[in-house]
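The next block holds one structure in the form of structure tokens; read it before the comments.
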Amino acid sequence: MSRRKRIGILTGGGDSPGLNAVIRAVAKSLMQDAGAEVFGFVDGFAGMIEQQVRRLSYADVSGILTLGGTILGTSNKANPFAYYARGNADVSAEVVRYVREDLKLDAVVAIGGDGTMSIAHRLQQAGIPMVGVPKTIDNDLMYTDRTFGFDTAVAIATEAIDRLHTTAQSHHRVMILETMGRYAGWIALYAGVAGGADIILIPEFDYDIEEVARVCRERARGGQRFTLVCVAEGAKARGGELAVRQVVADSPDPLRLGGVCNVLEHALCQRIDTEVRTAILGHVQRGGTPTAYDRNLATAFGAYAAALVADEQWGRMAAVQQGRLTGVAIADVANRQRTVAPDAPMVATAMAVGTSFGVPGMQLRFDGKVPSAFMT
Ligand code: F6P
């Protein structure tokens, strides 16, 4: 009889609502269906390097479905191939030995974004069988139509727009909401459409401040005495710079963005008569309990990842494509981003109701047919 599988699990990068739902689904499924022993690394890859691991019991993963954050902790700095705490040394050989020989793990399930998948891919090449689960509120991982956490972030951002709406309307102001979304504008796009934003500015389409001002003025002239703007933190003006809040030197992705709404406010105040106010949503959109959709998606991803483990399909990441779960190569996902294309269905939907992307001349071209896809 073959021995029980021993599987590690970790969460890497920024937290995202639904992480605990994935941990629960992976662990319960592996324990129940494959009789596996499951071990959780503390603080992501930091736990692998610093040898901080704990065995997870069934009770440990019960009652966590609705919890935000991650019961295992996470780190967006620890990288075994360049470990900041040891002068950026490559400690991967040590890590492989620890995982395979000391802990005797058969595989590790890594739950994370493109940075985590990049490390997972390299560890797989170095000798640790890996399985991935796609996480990020930004929804920008390749080869999956959705990442868990995105729906919750969109719901929070939409509520924020709804709340700003009342002040915008009552005080006849331009209200700007800044969402997260470093290189991809999915959150701003989906929350903007859901909240009825008049202008949506995203990293994929550099905006023209004159066009943004023109839309605000035109609305006022037409009797709409307020304007709602939803801007992703990574948006920038044509020929302009990213609004960098902080540079975290040790991090694999050192730029922390924030403040583009203040740049916009300053530029708009010089061009329109209407008062302008701003709000930065920040980490509020990553916190708290996941939506029902994200709980379901996270649970489905977790169960699918456990099936990949049971089937020994190493180097694969769970993904959802056109409503079906599938496995894609972690190597193909590593260090890449899925951004919003100009012909994305939700861009067409936004433009169909007159939403501006701050780009002069950007027009909806149906070419005789309305886009039939809804959410991709
Ligand atoms: O990648 C997820 C994300 O929330 C981005 O949208 C954001 O730019 C970044 O993480 C913020 O990172 P931190 O939590 O380190 O400030």
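Because the structure is a prediction, the values reported are computed rather than measured. For ligands, and for the atoms within them, numbers begin at 1 and follow the listed sequence.
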Protein heavy-atom partner closest to atom 9 (C) of ligand 1 - residue, atom, separation in Å: R182 NH2, 3.6 Å

Geometric cation-pi criterion R146 and W186, 6.0 Å radius, 45° cone: no

Face-on cation placement of R219 at F226 ring, 6.0 Å and 45° thresholds: yes

Under 4.0 Å to a heavy atom of R286 - the qualifying atoms of ligand 1, by number: 3 (C), 4 (O), 9 (C), 10 (O), 11 (C), 12 (O), 13 (P), 14 (O)

Min heavy-atom dist G181 to ligand 1 below 4.0 Å: yes

Per-atom contacts of ligand 1 with R245, taking only distances under 4.0 Å to non-hydrogen atoms: 16 (O)

Reference residue Y183; test side-chain hydrogen bond (donor to acceptor under 3.5 Å, both in side chains); the match among D140, D253, T339: D253

Option of least heavy-atom distance to atom 5 (C) of ligand 1 (set: I187, N139, T147, D138): D138

Any Q246 heavy atom less than 4.0 Å to ligand 1: no

Ligand-residue contact atoms, ligand 1 with N76, heavy atoms, under 4.0 Å: 15 (O)

Heavy atoms of other groups near D102 CG, more than 12 under 6.0 Å: yes

Those atoms of ligand 1 less than 4.0 Å from some heavy atom in R256: 12 (O), 13 (P), 15 (O), 16 (O)

NE2 (H266) with more than 12 external heavy atoms under 6.0 Å: no

Side chain, backbone, both or neither: K135 near ligand 1, heavy atoms under 4.0 Å: neither

Contact check, K77 vs ligand 1, heavy-atom distance below 4.0 Å: no

Element-labelled atoms of ligand 1 that are located less than 4.0 Å from some non-hydrogen atom of E233: 5 (C), 6 (O), 7 (C), 8 (O)

Identity and distance of the protein heavy atom lying nearest atom 16 (O) of ligand 1: H283 NE2, 3.2 Å

Salt bridge flag under 4.0 Å for residues R3 and E37: no

Pair Q32, Y58: side-chain N/O donor-acceptor within cut-off below 3.5 Å: yes

I111 with I71, same ILVMFWY side-chain cluster at under 4.5 Å: yes

